[in-house]
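A quick note: this is a predicted structure, and the numbers were derived from the prediction, not measured.
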Amino acid sequence: QVQLVESGGGLVQPGGSLRLSCAASGSILSINYMGWYRQAPGKQRELVAVVTSGSRTNYADSVKGRFTISRDNAKNTVYLQMNSLKPEDTAVYYCNAVLSEALKKYEYAYWGQGTQVTVSS
């Protein structure tokens, strides 16, 4: 059974920084995409950033220049460094991974449980 475990959320003042981590575990053969999504109250879940196995990245326009996604393939871990945080970044942040597992023919997408990020003075 694959699990994604997130850490690093919390309360931070505007202009501050946080670093989120997400570690994938289980019978994983390879991980294609790893990314972060967020969902604010009353809004739909949206893509924040994604990184491929070849380290190609893509960001939402709202976070470009402030957030940096990276991954450690040896640890099956993805990170999100968030700088210059704004109140509108407040949301639950979810880790996502598209991966292949032992004994399964196709790739599947998995989600973490979510971690709260609150930006407030």
Side-chain angles (χ1 to χ4, degrees):
Q1 182 71 16
V2 172
Q3 285 189 319
L4 302 182
V5 179
E6 300 140 338
S7 60
L11 172 64
V12 64
Q13 292 187 341
S17 298
L18 282 175
R19 188 189 193 214
L20 305 183
S21 299
C22 172
S25 62
S27 53
I28 298 169
L29 297 179
S30 64
I31 302 179
N32 192 351
Y33 293 93
M34 298 190 83
W36 291 93
Y37 291 71
R38 66 186 181 187
Q39 187 166 18
K43 294 188 177 181
Q44 289 188 332
R45 191 173 297 189
E46 63 176 1
L47 172 71
V48 176
V50 64
V51 58
T52 70
S53 57
S55 297
R56 292 178 62 184
T57 58
N58 190 36
Y59 295 91
D61 288 342
S62 59
V63 306
K64 283 181 180 177
R66 299 188 298 122
F67 292 9
T68 302
I69 190 170
S70 60
R71 63 189 280 178
D72 184 333
N73 291 329
K75 296 181 179 179
N76 288 339
T77 299
V78 63
Y79 306 96
L80 186 68
Q81 178 66 43
M82 304 185 293
N83 299 327
S84 302
L85 282 160
K86 304 175 181 180
E88 50 263 44
D89 295 317
T90 296
V92 178
Y93 283 69
Y94 296 92
C95 175
N96 172 264
V98 177
L99 55 87
S100 59
E101 302 168 69
L103 304 180
K104 290 188 178 180
K105 184 176 180 180
Y106 301 106
E107 290 185 334
Y108 291 90
Y110 289 88
W111 292 90
Q113 79 283 1
T115 184
Q116 177 70 45
V117 171
T118 302
V119 184
S120 175
S121 55

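- Rounded to the nearest 0.5 Å, atoms OG1 (T57) and CZ (R71) are 12.0 Å apart.
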What's the verdict on salt bridge (Lys or Arg N to Asp or Glu O under 4.0 Å) for K86 and D89, showing C-alpha distance, side-chain angles and the deciding distance?
-> CA-CA 5 Å; K86 304 175 181 180; D89 295 317; over 6 Å; no
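- Contact between A97 and L4 at its shortest, heavy atoms only, is N-CD1, 3.8 Å.
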Go through the steps for T90 and Q116 under the test side-chain contact (heavy atoms from CB on, under 4.5 Å), then give the verdict.
-> CA-CA 8 Å; T90 296; Q116 177 70 45; 4.0 Å; yes
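- Within the model, atoms CH2 of W36 and OH of Y79 stand 10.5 Å from one another, a figure rounded to the nearest 0.5 Å.
- Taking a 6.0 Å sphere around CD of Q44, one finds it holds 12 or fewer heavy atoms contributed by other residues, nucleotides or ligands.
- Between the CD atom in E46 and the CD atom in Q39 there is a gap of 9.5 Å [rounded to 0.5 Å].
- Between the side chains of R56 and N58, no donor-acceptor pair is found at a separation under 3.5 Å.
- Applying side-chain contact (heavy atoms from CB on, under 4.5 Å) to L80 and the options V51, T68, V117, I69 leaves one that passes, I69.
- Between the OG atom of S62 and the CG atom of L47 there is a distance of 9.0 Å, given to the nearest 0.5 Å.
- Members clustered with L11: none, using a 4.5 Å side-chain heavy-atom cutoff among hydrophobic residues.
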For Y108 and V2, what are the C-alpha separation, side-chain angles and deciding distance, and is it a side-chain contact (heavy atoms from CB on, under 4.5 Å)?
-> CA-CA 10 Å; Y108 291 90; V2 172; over 6 Å; no
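- Taking the six-membered ring where the residue is Trp, Y37 and W111 present perpendicular rings, their angle passing 60° and hence far from 30°.
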Working for side-chain contact (heavy atoms from CB on, under 4.5 Å), residues R66 and M82 | CA-CA 6 Å; R66 299 188 298 122; M82 304 185 293; over 6 Å; no
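- Closest non-hydrogen pair, C95 versus E6, comes out as N-OE2, 2.5 Å.
- Linking ILVMFWY residues whenever their side-chain heavy atoms come closer than 4.5 Å, directly or via other members, places V98 and V50 in the same cluster.
- Note: Q1 CD to Y110 OH = 6.0 Å, rounded to the nearest 0.5 Å.
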Enumerate donor-acceptor pairs with a distance under 3.5 Å from any side-chain N or O in residues 13-35 to protein atoms, sequence neighbours excluded.
from : atom 1 : to   : atom 2 : distance (Å)
S17  : OG     : N83  : OD1    : 2.9
S30  : OG     : S100 : OG     : 2.8

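- The local environment of NZ in K104 is crowded, with over 12 non-hydrogen atoms from other residues, nucleotides or ligands closer than 6.0 Å.
- A single hydrophobic cluster is not seen to contain both Y94 and V63; linkage of ILVMFWY side chains at heavy-atom distances under 4.5 Å, directly or through other members, places them apart.
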